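Reviewing the structure listed below.
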Amino acid sequence: MRRCLRGIHMSKLISNYKAILKLLGIIIFIIGIAMIIPWIYAEATGDISAAGAFRLCAPLTVVTGGLITFFLKIPKVKFRAREGYIVVAACWILASVIGSFPYYLSGFTDTYIDAFFEATSGFTTTGCTAVASGIMTRSLLLWKAISHWLGGMGIIIFVISILPAIGVNGQYIARAESPGPVLEKMTFRLSDSAKILYITYLLFTVLEFVLLMLSGKMSAFDSLIHTMGSISTGGLLVHPTGLAYYDSFYIEVVISIFCILGSLNFAMYYYIITGKLSYIIKDVEFRIYMIIMGAAVIICTLGLVAATDNSLTDSFRDSFFQVISMSTTAGYTRSPYMVWPTSCQIILIALMFIGGCAVSTSGSLKVIRVIIMFKLIWRGCIRRIHPRSVVAVKVGGHAVSAPVVSGITAFILTFMGLFLLSSFILSFQGMDLETNMTTALAMLSNTGAAFGETASAGNFSAYHPLLKLYLSFLMIVGRLELFTIIILFTKNFWGRDR
């Protein structure tokens, strides 16, 4: 009997891991198809170095992914939590490994570690670079923009929409990909919810591209790069001087609006489409998020007016764009924020910690977690006064369950602990405290914008190769909200019945 059960267990285990391999094959295939676009552009524009790299990478990636996807047959399987976490973690690591080869083979980076950092920065929408020059060819820039776009909504979310066709239950995969505290299905089928998310994402992309083209100051290429960089909150720029190159308030407003749209809970758009506007009005996270950004803009504007010779109009323009950039974790820069008054810098760092809304393309703690954290603190104060009282943590009039509150508390403590540990690890580079702490935050929050020496240089090339690998690890951990990666290093996770 025991041998029979063991045989059934092994058969199920093999089936599940075949399904994992097939899902990774789909990811490889998607990345390979995505590489064809910059490959064609490189050939058309005579970008010899990039064309040579894509000429090797694209076909090899497509063929490898295609063989696994179309020839590996699997029975219908139901994933457990362990397989879900393994798929998601492997997906982002594999995407970064494969996506790094065009940077390395084209000669843009001198080492593969720098290329891996670049690819990880792309897929996690962190948007920073570890190359001193930081000037890519347009073909590689297009590849990084595509990786931003794919990583913004999550490659795996796209895969979830096709899981029923290959007989895989995507519930645990979705939970591992978007483990926020308010993740919910918008429709009865999870795959349909994933399709709605990506259709909305695609429509926003098309709309922003058209609006940027209407500015009259951006070419089609520039509009495409900035569209994919902003809707994904990646913050990718075409010109070294950033958006100041265009000197257009219209462009800044368009990009700011779509950064905000990308950082809002995408479930809201489903409610708008279905006419359930009352859900939007009652959404506490949305209201608090708008209040935070509005207050930050006012404080930074007044701080710049008081400490600099800038006019009120210029100060508001700088504050408006930079506050939105940091709060959405896009990491764009329009003016040298690293020389702003200390009060303004503190506001920007606080925004980097908070981040955007749950189930969005932005990173960091997320507004809903911060709201619940403060409500939990307030409940602690009330219970100090009335020890026997039963006070529930409520959001929008609904009590938040104890497991959710506990999970949020654990997440925030883990985030802060990892932030401090990372700051300590980076300190071995010998840079100042401001540089190390804001670099750790920039990677963990997927903002990509730091202060200190890295901000002055505009890149993270000063760090040792091993520290660059660690920074890449932080980007992936931040993108997958900590536990999806951290849990892989626990003994219990690999238990037999997990």
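Position 1 is the first residue of the sequence, and the numbers go up from there. Fair warning: this is a prediction, and the values are worked out from it, not measured in the lab.
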| Given the rule in the ring-ring contact (aromatic ring centres under 6.0 Å, His included) test, do Tyr85 and Phe483 qualify, once you have shown the distances and angles that lead to the verdict? | CA-CA 9 Å; Tyr85 285 109; Phe483 293 123; 9.4 Å; no
Mind checking whether [X] and [Y] have side chains closer than 4.5 Å, heavy atoms only?
X	Y	answer
Met268	Phe286	yes
Leu426	Leu471	yes
Ile255	Glu208	yes
His148	Thr233	no
Ser422	Met443	no
Leu444	Leu418	yes
Cys57	Trp39	no
Val284	Ile371	yes

| task | Show your reasoning for whether salt bridge (charged side-chain N to carboxylate O under 4.0 Å, His left out) applies to Glu285 and Lys366. | result | CA-CA 9 Å; Glu285 185 181 32; Lys366 303 294 174 62; over 6 Å; no
| query | Where do Val404 and Ser401 land on the side-chain contact (heavy atoms from CB on, under 4.5 Å) test, with the steps shown first? | reply | CA-CA 5 Å; Val404 172; Ser401 66; 3.1 Å; yes
Does [X] reach the main-chain N or O of [Y] with its side chain, forming a donor-acceptor pair under 3.5 Å?
X	Y	answer
Asn459	Ala132	yes
Thr438	Phe451	yes
Ser406	Ala402	no
Ser360	Gly356	no
Thr439	Thr435	yes

Check whether the ring centres of [X] and [Y] lie less than 6.0 Å apart, and answer yes or no.
X	Y	value
Tyr269	Phe204	yes
Phe419	Phe353	yes
Trp149	Tyr201	yes
Tyr463	Tyr470	no
Tyr104	Phe108	no
Tyr112	Tyr103	no

| query | Between Ser139 and Thr137, is any side-chain donor less than 3.5 angstrom from a side-chain acceptor? | reply | no
Give me the atom names and distance for the closest heavy-atom approach of [X] to [Y].
X	Y	answer
Leu142	Pro38	CD2-CA, 3.9 Å
Ser364	Phe415	OG-CZ, 3.9 Å
Ile31	Thr61	C-CG2, 4.4 Å
Ala89	Ile485	CB-CD1, 3.7 Å
Tyr332	Ser325	N-OG, 2.5 Å
Ser423	Asn436	O-CB, 4.0 Å

| query | Would you say His398 has more than 12 foreign heavy atoms packed within less than 6.0 Å of its NE2? | reply | no
| Does atom CD1 of Ile48 have more than 12 heavy-atom neighbours, drawn from other residues, nucleotides or ligands, at distances under 6.0 Å? | no
Starting at [atom1] of [X], measure out to [atom2] of [Y] and round the result to the nearest 0.5 Å.
X	Y	atom1	atom2	result
Asp283	Tyr271	CG	OH	9.0 Å
Leu24	Thr69	CG	OG1	9.5 Å
Ser362	Ile260	OG	CD1	11.5 Å
Met373	Ile368	CE	CD1	12.0 Å
Met326	Thr328	CE	OG1	9.5 Å
Ile30	Met35	CD1	CE	13.0 Å

| message | Does the Lys NZ or Arg CZ of Arg369 fall within the cation-pi geometry relative to Phe411 - under 6.0 Å from the ring centre and within 45° of the axis? | response | yes
| said: Is the ring pair Trp143/Phe123 parallel, tilted or perpendicular, if the boundaries are 30 and 60 degrees? | reply: perpendicular
| task | Run the numbers on Met136 and Val131 for side-chain contact (heavy atoms from CB on, under 4.5 Å), then give the verdict. | result | CA-CA 9 Å; Met136 294 183 179; Val131 179; over 6 Å; no
| request: With salt bridge (charged side-chain N to carboxylate O under 4.0 Å, His left out) as the test, would you mind laying out the steps for Arg138 and Asp47 before giving the verdict? | output: CA-CA 8 Å; Arg138 292 168 75 86; Asp47 188 348; over 6 Å; no
| query | Given Glu118 and Cys128, is the side-chain contact (heavy atoms from CB on, under 4.5 Å) satisfied, shown in steps? | reply | CA-CA 7 Å; Glu118 206 73 37; Cys128 53; over 6 Å; no
| query | So which of Thr126, Thr361, Thr329 actually passes side-chain hydrogen bond (donor to acceptor under 3.5 Å, both in side chains) with Asn446? | reply | Thr126
| request: Walk me through it: do Ser121 and Lys144 pass the test side-chain contact (heavy atoms from CB on, under 4.5 Å)? | output: CA-CA 9 Å; Ser121 167; Lys144 190 162 187 177; 3.6 Å; yes
